[in-house]
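Structure first, commentary second.
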Amino acid sequence: MDNAATSQKPRAVLDAVFGYLTTGNANAGRGTYPWANRTTELIDEARHRLRRFISDISGMSGVHFTSGTTEGLRAVARDWLLPQLKPGDEILVPHADHSANLLPWEEAAALSGAVVRSLPYDAAHDYAFRDLSVGPRTRLIAATHVHHVYGNDMNVHRLRALAPDVPICLDAAQSFGHLPISVADLDVDFVVFSGHKAMALPGVGAIWSRNERGPEFRPGGWAGSPNTAGIVSLAAAMDWLDDAGLDRIETWNRTLGARLTDGLAAMPDYEVLGCQQSLAATSPVQQRHGIVAFRHREISSGDLGFILAAEGLLVRSDAHCQAVAGEKTSSVRVSVHAYNSPAEIDRLLEVLQRLSGMS
Ligand code: PMP
């Protein structure tokens, strides 16, 4: 139940990696023998696979493999945004977001004299786009698709409607492989994600760049040898996720999350963090995607984490890499994926209820 940190790996992904490493391992873009050529092709195929996976029909996009979201966001900030920034320019970043989606933009601002402004949030942790002002100096909106603590969806459509011409960089760390992402539909300019939260191996991710608003994205530096096994795992993970059906996975995760929040709502000793309007499965506002953070009024979240682990319920309990404006005290975060079950949520609720002294 700690999938927002990293997912488990399906056998099909492990088999693809094992097969590649035992019967075709080589470096890409170097060498002329069959395994080397095949590896180069595999990487190219993975690029096309990713374009299909996120419904890219533009034909102008770039796909650059990275080690994950953190490196991807840094690369967009350093190699694409920074060279364009002038003193007084503005970057909008989500309030109380993951530090991986704050620090690179702050760094770019510090180096150029630009300013970072927080996307407005109301007290219940819902994005308050009515208060969003986008000006002529707004150079980038760093959006986050699904929040890693509150699980709410940022509603990129509304954001795009308010800022039709501003490039949007989407941190899809918690949405890639959890729900269908269509870049044709969302109209974003960058999608940055990690493979390891979406059934692939750790150490691989990608930056997809539309290359239509602003200059073409060209990652700086020297690329070196790619993470071939990681890229093979990512392609296999996308096959697995498509076979399972991202619509079904999204509904499944939401339903499990709603089952948990419904159960917690009946226990006054627990406080669920984030937007309260989006607790229920029927809520019209930005729904949670199977990520639920909560705390007990008396038992510390650290202790709660140990107690749950002793029951075989593996959750995360700390401050969740949240940047400065985030929660000041830690919480327990439950985050589900396709292989979690309603029975597991019920078992978790049973243990939590025992601790709340209600049963
Ligand atoms: N952004 C968000 C929203 C995340 O949840 C995470 C991972 N917790 C990251 C960025 C960073 O991802 P990674 O550690 O794989 O680089």
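Ligands are counted one by one from 1 in listed order, and the atoms in each one are counted from 1 as well.
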With a 4.0 angstrom cut-off on heavy atoms, strictly below it, pick out the residues next to ligand 1 and order them by chain and number. Thr69, Thr70, His98, Ala100, His148, Asp171, Ala173, Gln174, Ser194, His196, Lys197
Is the Trp80 to Phe190 ring centre distance short of 6.0 Å? yes
Would you confirm whether the ring centroid of Phe176 sits within less than 6.0 angstrom of the ring centroid of His145? no
Filter on salt bridge (charged side-chain N to carboxylate O under 4.0 Å, His left out), then keep only pairs touching residues 201-210, sequence neighbours left out; what's left? Asp187-Arg210
Once side chain to side chain contact (heavy atoms under 4.5 Å, CB included) is applied, do any residues pair with Leu14, and if so which ones, sequence neighbours excluded? Lys9
In sequence, state the C-alpha distance, the side-chain angles, and the governing distance for Thr144 and Asn101, and then conclude on side chain to side chain donor-acceptor pair (under 3.5 Å). CA-CA 8 Å; Thr144 296; Asn101 198 27; 3.0 Å; yes
Partner set under side chain to side chain donor-acceptor pair (under 3.5 Å) for Glu271, not counting sequence neighbours: Arg295
